[in-house]
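Accompanying notes for the structure given below.
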There are 2 protein chains.
Amino acid sequence: MEDQEIRNAGLKVTAPRVKILELLENSQQRHVSAEDVYRMLLAADQDIGLATVYRVLTQFEEAGLVEKHHFEDGHSVFELDKGKHHDHIVCVTCGRVKEFVDETIEERQQKIADELGFQISEHDLVIYGKCLDDECDRKG
Amino acid sequence: MEDQEIRNAGLKVTAPRVKILELLENSQQRHVSAEDVYRMLLAADQDIGLATVYRVLTQFEEAGLVEKHHFEDGHSVFELDKGKHHDHIVCVTCGRVKEFVDETIEERQQKIADELGFQISEHDLVIYGKCLDDECDRKG
DNA sequence: CCAATAGATGAGAAGCTTTTGCATTCAATC
DNA sequence: GATTGAATGCAAAAGCTTCTCATCTATTGG
């Protein structure tokens with residue numbers, strides 16, 4: 001369970017860390033901001049400070065448990081690292097996020113980095129667009 | 001010259017706007033932050049406030065004169081829009097930025113958006129890595 | 001060329017997200 | 001159960017960016 005993941009990360013098993021990890025695992029949204037997590041904790045009657053949420057998420061990121069992404073609106077979102085890399089497509093109207101992986105793109109990136117003399121550590125491909133979802137149309 | 005570009009954008013031709021546009025056109029770095037612009041203005045004995053720099057850059061962005069990018073460190077950088085789209089590869093050690101365009105990637109993105117039901121408005125592909133430049137190695 | 005006016009500016013305050021300092025509390029260890 | 005270094009909560013602080021508002025200016029028409 002969560003305890004072990006936390007322990008493996010070299011962190012003490014504390015209530016905030018367990019709760020936050022549970023939250024991430026059970027959350028409907030895969031991409032949540034620190035603020036989102038904080039609000040969910042409040043809603044679950046957990047008395048955990050926002051500073052702790054940031055600290056814990058950062059530690060989780062360092063431990064490779066979660067990934068941090070910077071979308072356009074300025075603040076960061078976190079998602080559980082399920083091990084497999086993927087990119088994102090974000091709806092500019094409703095904020096919906098979908099994930100995808102494209103081997104061709106991955107290969108081309110590698111090729112480009114080679115040509116330009118870079119050793120890739122990571123990359124972030126985000127496509128912004130308008131999704132053609134019914135619900136979205138109503139909002140836009 | 002710059003005056004006309006500014007006028008075409010529907011903006012009054014004022015000293016701050018002309019100076020900022022000149023700066024962007026003559027700058028060695030293609031990617032500058034608002035703070036960078038502000039410092040360059042100070043260095044050129046221009047008495048222009050930071051708020052104005054932000055306002056002007058935002059207006060230039062709306063007018064399509066510059067593009068705004070969000071790299072990982074939180075703050076935004078602006079670059080003159082030379083009309084042709086390109087992506088970025090950023091060195092995590094020395095901060096160097098190179099640009100590239102890859103038609104295959106562009107096509108695949110379009111295909112992915114189609115499949116997922118999105119109408120692309122824009123995208124941001126940033127590869128992070130370590131460049132193999134001599135100068136960079138010394139720093140890292 | 002001057003007057004009128006809508007828009008632009010500068011300075012500082014305010015807003016947001018994120019980080020930090022510090023006294024208190026707690027998990028791990030013996 | 002006592003010890004101890006790590007973790008927490010709160011409030012304060014720190015970036016970056018936006019806003020407020022009084023002052024100033026580019027544009028326009030007379």
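A, B, ... follow the sequence lines: proteins, then strands. Residue 1 opens every chain.
- Counting atom types as modelled, B:R55 pairs a side-chain N or O with a base atom of C:dG10 as donor and acceptor under 3.5 Å.
- Of the two residues contacting DNA chain D, namely B:Y54 and B:T14, the nearest-nucleotide position lying further toward the 5' end is that of B:Y54.
- If you check C:dT9, D:dG9, C:dA6 against the side chain of B:K12, the one that comes closest is C:dA6.
- To the nearest angstrom, C1' of D:dT25 lies 15 Å from CG of B:D3.
- A tilted orientation is assigned to the rings of A:H86 and A:H69, their planes being inclined by 30° to 60°.
- Where the helix from C:dC1-D:dG30 to C:dC30-D:dG1 starts and where it ends, the local axes point in directions that differ by 30°; five pairs per end, rounded to 10°.
- The distance from atom CG of B:L50 to atom C1' of D:dT20 is 16 Å, rounded to the nearest whole Å.
- A close approach under 4.0 Å does not occur between any side-chain nitrogen or oxygen of B:R7 and OP1 or OP2 of D:dA26.
- Considering only side-chain N and O atoms, A:S76 lies nowhere under 4.0 angstrom from the phosphate OP1 or OP2 of C:dT17.
- Atom pair A:E35:CD and C:dG15:P shows a separation of 16 Å (rounding to whole Å applied).
- In summary, the side chains of B:E22 and B:N26 do not present any donor paired with an acceptor at a separation below 3.5 Å, with no hydrogens or angles considered.
- A donor atom on one side chain and an acceptor atom on the other are not found under 3.5 Å apart for A:H75 and A:H70.
- Contact check, B:R17 against C:dA8: a side-chain N or O comes under 4.0 Å of OP1 or OP2.
- Heavy-atom distances to DNA chain D give each of B:V77 and B:L11 a nearest nucleotide, and the one nearer the 5′ end belongs to B:V77.
- Look at A:E79 and A:K68 and you find no salt bridge, because none of the NZ, NE, NH1 or NH2 atoms lies under 4.0 Å from a carboxylate O.
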